[in-house]
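Encoded as structure tokens, the structure appears first; notes follow it.
Just the heavy atoms: all of them, side chains too, but no hydrogens, waters or symmetry mates, feed the values below.
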Amino acid sequence: MKRIPELRDLSDDHHLALVLAQRCRRTNRSDSQWSPEQLWAQVQELMTSHLEPHFRIEETILLPALEALGEESLVERIVDDHAALRELCAAHTPDRVRVVRFGELLESHIRYEERQVFESTQARLSAKTLEAIGHACATLPRTCPASLGL
């Protein structure tokens, strides 16, 4: 299903995060361009510049709307994923295991939102909710962190 305009910015955030998730997952490979320390700096920067604002939009606008639609299981998974990602990011000492785990969880979370949450609910969200999401996304910083090199 094509993404509706009001959710497109959230999907665009997902693209940027998927790039980093892929790098993190590949840090164990011998041909990885980035050390765990470099990747962790990128994770921290992306968390601050994109993921936290993105999570806040979902948690304050999208999730209450999903609950109103009776989609408690979708909400529970998103809340749990956000908490796990925040917990991983709270560690200031990166290691390969943490970096890979972060990448795996972030990718899984994004795929879930894109394939399950947005696909199944975008046509059912109210115009008021969609307008609020669009407005909130318009206020997010839309800059790509320089450390990602995209």
Mind checking the [atom1]-[atom2] spacing from [X] to [Y]? Nearest 0.5 Å is all I need.
{"X": "E72", "Y": "L63", "atom1": "CD", "atom2": "CG", "result": "11.5 Å"}
{"X": "F55", "Y": "L62", "atom1": "CZ", "atom2": "CG", "result": "12.5 Å"}
{"X": "K128", "Y": "I133", "atom1": "NZ", "atom2": "CD1", "result": "12.5 Å"}
{"X": "L125", "Y": "L69", "atom1": "CG", "atom2": "CG", "result": "6.0 Å"}
{"X": "R124", "Y": "T129", "atom1": "CZ", "atom2": "OG1", "result": "12.0 Å"}
{"X": "R115", "Y": "S120", "atom1": "CZ", "atom2": "OG", "result": "14.0 Å"}

Pair R8 + D12: basic N to acidic O under 4.0 Å:
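No, no charged N to carboxylate O under 4.0 Å.
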Tell me whether R86 is salt-bridged to E59, with the criterion being a basic N under 4.0 Å from an acidic carboxylate O.
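Looking at R86 and E59, the cut-off is met.
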Tell me whether [X] contacts the main-chain N or O of [Y] through its side chain, where contact means a donor paired with an acceptor under 3.5 Å.
{"X": "W40", "Y": "A91", "answer": "yes"}
{"X": "S108", "Y": "E104", "answer": "no"}
{"X": "T139", "Y": "A136", "answer": "yes"}
{"X": "T27", "Y": "R23", "answer": "no"}
{"X": "Q42", "Y": "L20", "answer": "no"}

Please tell me whether [X] and [Y] are part of a single hydrophobic cluster in this structure, the criterion being side-chain heavy atoms less than 4.5 Å apart.
{"X": "I110", "Y": "L105", "answer": "yes"}
{"X": "W34", "Y": "V43", "answer": "yes"}
{"X": "L51", "Y": "L18", "answer": "yes"}
{"X": "I4", "Y": "I57", "answer": "yes"}
{"X": "V79", "Y": "Y112", "answer": "yes"}

After noting the C-alpha distance and the side-chain angles of C137 and L10, does the key distance pass the side-chain contact (heavy atoms from CB on, under 4.5 Å) rule?
CA-CA 7 Å; C137 286; L10 291 179; 3.7 Å; yes
Identify the heavy atoms of [X] and [Y] that sit nearest to each other, and give their distance.
{"X": "C24", "Y": "G103", "value": "CB-CA, 3.7 Å"}
{"X": "A138", "Y": "D9", "value": "N-OD2, 4.4 Å"}
{"X": "V99", "Y": "P94", "value": "CG2-CB, 4.4 Å"}
{"X": "C89", "Y": "Q44", "value": "O-NE2, 2.9 Å"}

So do the side chains of R77 and Q116 get within less than 4.5 Å of each other, counting heavy atoms only?
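Of all side-chain heavy-atom pairs linking Q116 with R77, none is under 4.5 Å.
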Would you tell me whether E113 and H109 have side-chain atoms, one donor and one acceptor, within less than 3.5 Å of each other?
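Distance-only check passes for E113 and H109.
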Just by distance, with hydrogens left out, do E58 and H82 show a side-chain donor and acceptor under 3.5 Å apart?
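On atom types as modelled, these side chains qualify, holding a pair under 3.5 Å.
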Tell me every residue that passes side chain to side chain donor-acceptor pair (under 3.5 Å) with T121, counting only those two or more places apart in sequence or in another chain.
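T121 satisfies side chain to side chain donor-acceptor pair (under 3.5 Å) with no residue once adjacent residues are dropped.
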Between E6 and Q122, is a side-chain contact (heavy atoms from CB on, under 4.5 Å) present by the stated rule, with each step listed?
CA-CA 9 Å; E6 295 87 352; Q122 69 180 10; over 6 Å; no
Can you tell me if E67 has over 12 outside heavy atoms packed within less than 6.0 Å of its CD?
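Atom CD in E67 is crowded, with more than 12 foreign heavy atoms closer than 6.0 Å.
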For the residue pair F118 and H14, is the inter-centroid distance of their aromatic rings smaller than 6.0 Å?
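Yes, ring centres under 6.0 Å apart.
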Go through it in stages, so that I can follow the logic: the residues are R25 and E107, the test is side-chain contact (heavy atoms from CB on, under 4.5 Å), and I'd like the CA-CA distance, side-chain angles, deciding distance and then a yes or no.
CA-CA 9 Å; R25 285 184 17 261; E107 180 176 348; 2.6 Å; yes
Apply the test salt bridge (charged side-chain N to carboxylate O under 4.0 Å, His left out) to residues R96 and E37: give CA-CA distance (whole Å), side-chain angles for both, the deciding distance (0.1 Å), then the verdict.
CA-CA 9 Å; R96 288 188 191 281; E37 294 78 19; over 6 Å; no
